[in-house]
Number of protein chains: 2
Amino acid sequence: MPQIHVTIDVCTSIYLRNPLDTTLGKNILKHAIILMDQIGFDEFNFKKLASEMGSTEASVYRYFENKYKLLTYLVAWYWDYMHFLILLDIRNIEDPKRKMNIAIETLVLVRDNTATPEYINISKLHTIVVENASKVYHNKLVDTLKKEGYYINLQKLVNTISANILEINSEFKYPKAIATNIIELSLNNEYYIEHLPGLTDQDTTTHLSPRKQTIEMIKYYVDRII
Amino acid sequence: MPQIHVTIDVCTSIYLRNPLDTTLGKNILKHAIILMDQIGFDEFNFKKLASEMGSTEASVYRYFENKYKLLTYLVAWYWDYMHFLILLDIRNIEDPKRKMNIAIETLVLVRDNTATPEYINISKLHTIVVENASKVYHNKLVDTLKKEGYYINLQKLVNTISANILEINSEFKYPKAIATNIIELSLNNEYYIEHLPGLTDQDTTTHLSPRKQTIEMIKYYVDRII
DNA sequence: ATATTTGTGATAGTAAAACTATTATTAATA
DNA sequence: TATTAATAATAGTTTTACTATCACAAATAT
C-alpha cells in the first residue's frame with residue numbers, strides 16, 4: 001500500500017534551516033512540541049529544549065532564530081495540516097452542509113492520521129496552538145510578518161471554510177469573519193470548558209465529552225447563523 | 001454637579017500594594033499603559049517603565065510582582081470599566097434587543113467618559129487588551145489564577161450579556177458561549193480589519209470606519225443567531 | 001583515496017532582562 | 001519633635017537570549 005506523504009508548506013523565512021531536511025531538525029520539532037506542551041511557551045527556551053533532546057543550544061539556533069519563530073513555524077504547520085485533513089475528509093462530498101459539519105468535526109476532534117509524521121504529536125501540538133496562537137497573530141510585528149507570508153497557512157484554511165459558507169448561503173454577508181470565528185471557537189470553547197467554565201455553557205444533562213459538546217455548539221451556531 | 005467616581009474592583013492579590021492608593025501607583029498605571037501601547041508587552045519591562053516615568057525599577061516592584069501581574073490588573077480594570085459603562089448605557093431601557101445593540105456599540109466604540117480617571121488612557125488600554133488579553137487567559141497558571149479570582153471581572157461582564165441574550169430568547173442554548181464570543185469578536189474584528197484583512201470581510205462599498213463595520217457585523221451576527 | 005564541505009557538539013562568552021537587598025532621604029502622622 | 005512609611009538611589013544576583021569559535025565526524029566531490 002502506498003504511504004501518503006504529507007508535504008507541509010511553511011514560509012521559508014520562518015526558519016534558518018529547514019528542520020524537515022535533517023534528523024536533528026525533526027528532533028527539534030518533536031521535542032519542542034513535547035516541552036512546550038509540558039511547561040508552556042513562556043517557560044520554554046532553547047537551553048531547556050537542547051538539554052531535553054540531548055543536544056546543544058547552539059545547534060537549535062542554527063535552525064530557528066528564536067523561540068517565537070519556532071512557535072510560528074509550529075502553528076503554521078498545524079494549520080496546513082488541519083487544512084490537509086479537512087480537504088481529505090470532504091473529498092467527493094457534494095452537500096455543502098455536510099461538508100461544513102465534517103470540517104467542524106475535523107477541526108475540533110484533531111484526529112490522528114496515518115499521514116501524521118512520527119515527529120509530530122498532533123494532540124500536544126493542538127494544546128500548544130490553543131494556548132499560544134494569539135501570540136503569533138497579535139503582536140507589534142504583525143504587519144512585517146504578514147508581508148513575509150507567515151500567515152498564509154491560516155489564510156488558506158479560512159478561505160476554504162469561507163467558500164463552504166458561501167456554498168450554503170451565497171448571500172451571506174460575512175463569510176470570512178465567520179470562518180475565522182468558527183476556527184477560534186474550535187480552539188477556545190474546549191479550553192474554556194476545561195479551565196474557565198463560566199465563559200461557556202456546559203451541558204450537565206448529557207455526558208458528552210468537552211469535544212463533543214463543542215462540536216454540538218458550533219453546529220448549532222453555524223446552523224442558525226448561515 | 002456631583003462628580004461620578006468609579007470604583008474599579010480588581011482582585012487584591014493581583015497587586016502587592018493598591019496602585020490606586022498613591023500618586024506613584026496611579027503613575028505606574030498611567031505610564032504602563034502609554035509604554036505598553038507604544039512598544040508592546042513583550043518589549044515592555046519595569047526598567048523601561050521606571051525610566052519613562054522618572055522613577056526606579058525597585059519602586060515599581062513594590063506595587064506589582066512582575067509585568068504579567070500588571071497586565072492582568074490592567075485587563076481586569078478594563079473589563080470592570082466596560083461593564084460599568086454598559087450598565088450605565090442600558091439603564092431604564094426595556095427592550096432587550098435595544099439593550100444588546102447598545103452593549104455591542106459600547107464594547108466596540110470604547111467611548112471616553114467623564115468618569116474615566118485621568119491616569120487611564122482608555123483608547124490605549126483598549127489596544128493593549130486587544131493585543132494581550134489572551135496572554136492573561138491562556139496560560140499554564142490559569143487554574144490557580146482562576147481560584148484567586150483574577151478573572152471575575154470578565155466573568156461578570158459575560159454574565160450580564162448572557163442574561164441579555166436570554167431576555168431576547170429564553171430558549172437559546174449557549175448564552176454564555178455566545179456572550180464570550182461577542183466580546184472576543186469586538187476585540188478581534190477591528191484588529192483583523194487593520195492588520196489581517198484576509199481573516200475578515202471589509203465592506204469596500206461603504207465608507208464606514210473599521211469600528212462601524214465591526215458593529216454592523218456583530219449586530220448582523222447577533223440578529224441571526226439568537 | 002583524498003580533499004572539501006557540511007552538520008553537529010563542546011565550550012565560552014556577552015548583553016540584557018528579571019528580579020532582590022540595602023541604605024539614604026523625604027513626607028506623613030503621632 | 002519623634003516615629004513611621006514611602007520612595008529614590010545604588011548595587012548587586014540570577015537567568016535568559018543570543019553569538020562566536022573551534023574541533024570533530026560524516027557525507028560528498030574530485
Side-chain angles (χ1 to χ4, degrees), chain A residues 12-32 35-36 38-74 119 128 132 135-136 139-141 144-145, chain B residues 12-32 34-36 38-74 119 128 132 135-136 139-141 145:
Chain A
T12 56
S13 64
I14 294 185
Y15 49 76
L16 296 169
R17 168 167 316 188
N18 192 338
L20 301 186
D21 281 354
T22 65
T23 324
L24 180 64
K26 289 171 198 163
N27 240 279
I28 289 172
L29 300 183
K30 179 176 179 172
H31 288 93
L35 196 57
M36 268 191 211
Q38 201 179 96
I39 63 178
F41 182 73
D42 293 340
E43 284 293 306
F44 173 90
N45 63 43
F46 283 179
K47 194 171 195 166
K48 289 177 187 170
L49 173 60
S51 111
E52 161 91 14
M53 58 188 277
S55 178
T56 62
E57 217 182 336
S59 298
V60 180
Y61 272 105
R62 286 197 195 95
Y63 284 81
F64 293 97
E65 249 180 87
N66 53 52
K67 67 174 188 169
Y68 295 95
K69 294 233 172 171
L70 173 51
L71 175 66
T72 305
Y73 180 94
L74 291 175
Y119 49 90
I128 292 166
N132 304 296
K135 285 172 192 136
V136 174
N139 59 63
K140 287 282 171 202
L141 301 167
T144 325
L145 301 183
Chain B
T12 55
S13 64
I14 294 186
Y15 49 75
L16 296 169
R17 169 167 315 188
N18 192 338
L20 301 186
D21 281 353
T22 66
T23 323
L24 180 65
K26 290 171 196 162
N27 240 278
I28 288 172
L29 300 183
K30 179 176 178 172
H31 288 93
I34 293 170
L35 196 58
M36 268 191 211
Q38 204 179 94
I39 63 177
F41 181 73
D42 293 341
E43 284 294 306
F44 173 90
N45 63 44
F46 283 178
K47 194 170 196 167
K48 289 177 187 169
L49 172 60
S51 111
E52 161 91 15
M53 59 187 276
S55 179
T56 63
E57 215 183 338
S59 298
V60 180
Y61 273 105
R62 284 198 200 90
Y63 286 81
F64 293 97
E65 249 180 88
N66 53 51
K67 67 175 187 168
Y68 294 95
K69 294 233 172 171
L70 173 50
L71 175 66
T72 305
Y73 180 93
L74 291 175
Y119 49 89
I128 292 166
N132 304 295
K135 287 176 190 130
V136 174
N139 60 62
K140 287 284 170 200
L141 302 166
L145 302 182

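Chain letters run A, B, ... following the sequence lines, proteins first and then strands; every chain starts at 1.
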Examine B/Lys67 relative to B/Phe41 and say whether NZ or CZ is less than 6.0 Å from the centre of the six-membered ring and inside a 45° cone about the ring axis.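 Geometry flag: set, cation within 6.0 Å and 45°.
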Without decimals, in angstroms, what is the distance between [X] [atom1] and [N] [atom2]?
X: B/Lys26; N: D/dA6; atom1: NZ; atom2: C1'; result: 15 Å
X: B/Met53; N: D/dA9; atom1: CE; atom2: C1'; result: 15 Å
X: A/Arg17; N: C/dG7; atom1: CZ; atom2: C1'; result: 6 Å
X: B/Asn66; N: C/dC19; atom1: CG; atom2: P; result: 5 Å
X: B/Lys47; N: C/dA15; atom1: NZ; atom2: P; result: 13 Å
X: A/Phe44; N: D/dT16; atom1: CZ; atom2: P; result: 13 Å
X: A/Asn18; N: C/dT6; atom1: CG; atom2: C1'; result: 16 Å
X: B/Leu16; N: D/dT7; atom1: CG; atom2: C1'; result: 15 Å

Taking the side chain of [X] as heavy atoms from C-beta outward, which of [options] is closest to it?
X: A/Tyr63; options: D/dA6, D/dA8, C/dT8; answer: C/dT8
X: B/Glu57; options: C/dA17, C/dC19, D/dT7; answer: C/dC19
X: A/Ala58; options: C/dG7, D/dA20, C/dA21; answer: D/dA20
X: A/Tyr61; options: C/dC19, C/dT8, D/dA17; answer: D/dA17
X: B/Lys48; options: C/dG9, C/dG7, C/dA17; answer: C/dA17
X: B/Asn45; options: D/dC18, C/dT8, C/dA17; answer: C/dA17
X: A/Lys67; options: D/dA17, C/dT8, C/dA17; answer: D/dA17

Does D/dA6 have its OP1 or OP2 closer than 4.0 Å to a side-chain nitrogen or oxygen of B/Thr22?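 No, outside the criterion.
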B/Ser59 side-chain N/O to D/dA8 phosphate OP1/OP2 under 4.0 Å: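 Yes, because at least one side-chain N or O of B/Ser59 sits under 4.0 Å from OP1 or OP2 of D/dA8.
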In Å and rounded to the nearest 0.5 Å, what is the CD to CD1 distance from B/Gln38 to B/Ile128?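 Rounded to the nearest 0.5 Å, the CD-CD1 separation comes out at 10.5 Å.
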Which is more 5' along DNA chain C, the nucleotide nearest B/Phe46 or the one nearest A/Ser55? Just name the residue.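 Result of the comparison: A/Ser55.
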Test side-chain contact (heavy atoms from CB on, under 4.5 Å) applied to A/Val136 and A/Leu145, step by step: CA-CA 9 Å; A/Val136 174; A/Leu145 301 183; over 6 Å; no
Does B/Lys47 NZ have over 12 foreign heavy atoms under 6.0 Å away?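 No.
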Applying side-chain contact (heavy atoms from CB on, under 4.5 Å) to A/Ile28 and A/Phe64, what does each step give before you reach the verdict? CA-CA 10 Å; A/Ile28 289 172; A/Phe64 293 97; 4.3 Å; yes
Please state whether the base of D/dC18 and the side chain of A/Glu65 form at least one donor-acceptor pair under 3.5 Å?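 Answer no: no donor N or O sits under 3.5 Å from an acceptor.
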